[in-house]
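Below is one structure; the comments refer to it alone.
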Number of protein chains: 2
Amino acid sequence: MILDIDINASRNRKTIGMAESMNIIELKNKGITPTKHTMALLGLFNMHKHLDANQIFSLLQYNGVEVSVATIYRILTNLETKNVIQKHNFNNEQATYELVIPNEHHDHIICVSCNKVVEFMDDTIEQLQNKIALENNFHILHHSLNIYGICTDCDVRNDTYQL
Amino acid sequence: MILDIDINASRNRKTIGMAESMNIIELKNKGITPTKHTMALLGLFNMHKHLDANQIFSLLQYNGVEVSVATIYRILTNLETKNVIQKHNFNNEQATYELVIPNEHHDHIICVSCNKVVEFMDDTIEQLQNKIALENNFHILHHSLNIYGICTDCDVRNDTYQL
DNA sequence: TTGCATGCAAACTGTTTGCAGGCCA
DNA sequence: TGGCCTGCAAACAGTTTGCATGCAA
């Protein structure tokens with residue numbers, strides 16, 4: 001696994017282990033026990049919008065939170081079930097997770113070189129998808145639109161190599 | 001694995017083991033050895049547009065073609081490299097493959113209940129994606145747009161259950 | 001004291017690979 | 001004969017699970 005994230009980003013925060021985006025009461029209302037591990041995990045998403053299980057494991061360890069991979073997967077599964085986080089399969093390797101923001105939806109552009117993920121949202125595309133589902137007699141549940149490409153940073157880097 | 005495909009579809013064909021969509025010369029030109037296994041595998045795509053490794057294994061076995069799973073994966077990887085077939089990750093379980101038709105592109109609607117896959121294509125969406133990639137300074141390579149929903153058949157079935 | 005959260009290790013699934021045997025040009 | 005195709009079994013990665021322990025309400 002390549003950990004191409006700024007691992008210091010979360011270390012520099014003062015209150016490791018507290019998710020800003022959702023307070024304890026909200027969590028409890030959803031039937032989630034706000035354990036130390038769950039809170040620490042959620043806290044990571046303040047700094048990193050997209051994380052996979054291994055990155056979470058590394059970041060927690062780096063932040064001094066002792067936790068097993070099994071627990072991380074259990075927490076992730078639980079949070080996903082309760083619709084607190086969302087799972088993506090950007091590649092055929094490991095799954096990536098991000099926080100669910102109510103009434104907010106977006107799609108993703110993924111750099112196949114550095115795995116950077118950029119979010120975007122296009123109303124026209126959204127509407128067209130609904131139309132298409134309707135035309136094909138599908139009751140639409142959700143969708144995933146991923147654009148894969150090379151970001152500017154990597155493009156520049158590749159140019160340099162070719163000199 | 002649920003083998004929800006008409007397994008007889010391929011048995012009823014006269015010439016099992018011959019892919020209509022691509023002749024032997026074309027394959028050789030692409031550096032693919034047209035072995036019995038490769039041809040039989042490709043032949044399956046005449047009847048089934050979307051197949052995963054396990055379905056391929058079952059169908060081949062059913063058609064009397066003895067082959068190991070390892071070989072299937074090797075053939076699939078090879079064909080994908082040579083751009084004869086295309087790999088999709090519709091769900092986080094196994095990968096699905098389909099034939100590449102030159103100059104033809106489409107996206108997919110997947111029924112989360114029966115795994116049926118319907119293809120569609122929308123020029124406006126395609127163009128918007130290019131625009132979005134450009135706006136975000138990505139050199140676009142490809143994309144995957146999957147709409148997940150419930151197809152009419154399954155909707156009806158579910159209604160029945162609820163009676 | 002009860003129940004849920006956790007760690008550990010084993011299991012499991014999809015996929016890949018090393019190695020030895022076999023087939024065909 | 002040489003090279004590639006193949007099968008087998010083992011390896012591998014990501015993920016899940018059974019069981020025993022332990023913490024917390």
Side-chain angles (χ1 to χ4, degrees), chain A residues 1-3 17 19 24-25 27-43 50-61 63-82 84-97 115, chain B residues 1-3 17 24-25 27-28 30-43 50-61 63-82 84-97 115:
Chain A
M1 178 212 46
I2 301 163
L3 193 67
I24 294 180
I25 294 168
L27 286 175
K28 282 184 178 166
N29 285 342
K30 290 188 174 234
I32 295 159
T33 317
T35 66
K36 175 184 74 172
H37 289 150
T38 298
M39 296 313 284
L41 189 155
L42 281 172
H50 303 91
L51 292 168
D52 60 48
N54 278 304
Q55 291 175 325
I56 290 169
F57 179 71
S58 303
L59 284 170
L60 288 181
Q61 249 189 343
N63 287 329
V65 180
E66 300 268 332
V67 65
S68 71
V69 199
T71 300
I72 291 174
Y73 278 108
R74 271 192 274 240
I75 294 174
L76 287 173
T77 306
N78 186 32
L79 291 175
E80 196 201 355
T81 308
K82 310 290 170 53
V84 173
I85 59 173
Q86 201 176 351
K87 186 181 189 174
H88 296 288
N89 293 289
F90 291 143
N91 54 47
N92 31 12
E93 286 142 43
Q94 64 232 47
T96 301
Y97 294 84
N115 287 321
Chain B
M1 178 213 42
I2 302 164
L3 193 67
I24 293 181
I25 293 167
L27 284 177
K28 282 186 177 164
K30 290 189 174 236
I32 295 159
T33 316
T35 66
K36 174 185 72 171
H37 289 151
T38 298
M39 297 312 284
L41 189 155
L42 281 172
H50 303 92
L51 291 168
D52 61 47
N54 278 303
Q55 291 175 325
I56 290 170
F57 179 71
S58 303
L59 284 171
L60 289 181
Q61 247 188 344
N63 287 330
V65 181
E66 299 268 333
V67 64
S68 71
V69 198
T71 300
I72 291 176
Y73 277 109
R74 271 191 274 240
I75 294 174
L76 287 173
T77 307
N78 185 32
L79 292 176
E80 196 200 356
T81 309
K82 310 289 169 53
V84 173
I85 59 174
Q86 201 176 350
K87 186 181 189 175
H88 296 288
N89 293 291
F90 291 143
N91 54 49
N92 31 12
E93 287 142 41
Q94 62 231 47
T96 302
Y97 295 85
N115 288 321

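Every value quoted in this text rests on a predicted model; they were computed, and no experiment measured them. Reminder, nothing fancy here: chain letters follow the sequence lines and each chain counts from 1.
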inquiry  = With a 4.5 Å cut-off on side-chain heavy atoms, are L42(A) and L27(A) touching?
reply    = yes

request  = Between A70(B) and E93(B), name the one whose nearest nucleotide on DNA chain C is closer to the 5' end.
outcome  = E93(B)

query = Does a side-chain N or O from T33(A) land closer than 4.0 Å to OP1 or OP2 of dA5(C), or not?
reply = yes

query = Of all the choices, dA9(C), dG14(C), dT6(C), which nucleotide is nearest to the side chain of H37(A) once you look at every atom?
reply = dT6(C)

query = Which nucleotide sits closest to the side chain of T35(B): dC5(D), dT6(C), dA9(D)?
reply = dC5(D)

inquiry  = Need one value for V69(A): base, sugar-phosphate or nothing, where a base atom within 4.0 Å counts as base even if backbone is also close, heavy atoms only.
reply    = nothing

task = Output the distance between atom CG (N115(B)) and atom NE2 (H50(B)), rounded to the nearest 0.5 Å.
result = 12.0 Å

query = In terms of side-chain heavy atoms of T71(B), which of dT17(D), dG7(C), dG7(D) is nearest?
reply = dG7(D)

query = Do you know the tightest heavy-atom contact between A95(A) and D52(A)?
reply = O-CB, 3.0 Å

key: Short side-chain N/O contact to dT15(C) OP1/OP2 from Y73(B), under 4.0 Å   = yes

message = Treating N63(B) as the side-chain partner and V65(B) as the backbone partner, does any N or O pair qualify as donor plus acceptor under 3.5 Å?
response = no

query = Looking at the side chain of Q94(A), which of dG7(C), dT15(C), dT15(D) is the nearest nucleotide?
reply = dT15(D)

request  = Go through dC8(D), dT15(D), dG18(D) for me and flag the one nearest to the R74(A) side chain.
outcome  = dG18(D)

key: Nearest-angstrom distance from the residue atom CG of D52(B) to P of dT15(C)   = 8 Å

inquiry  = Check the phosphate of dT15(D) against T77(A), side-chain N and O only, distance under 4.0 Å to OP1 or OP2. Yes or no?
reply    = no

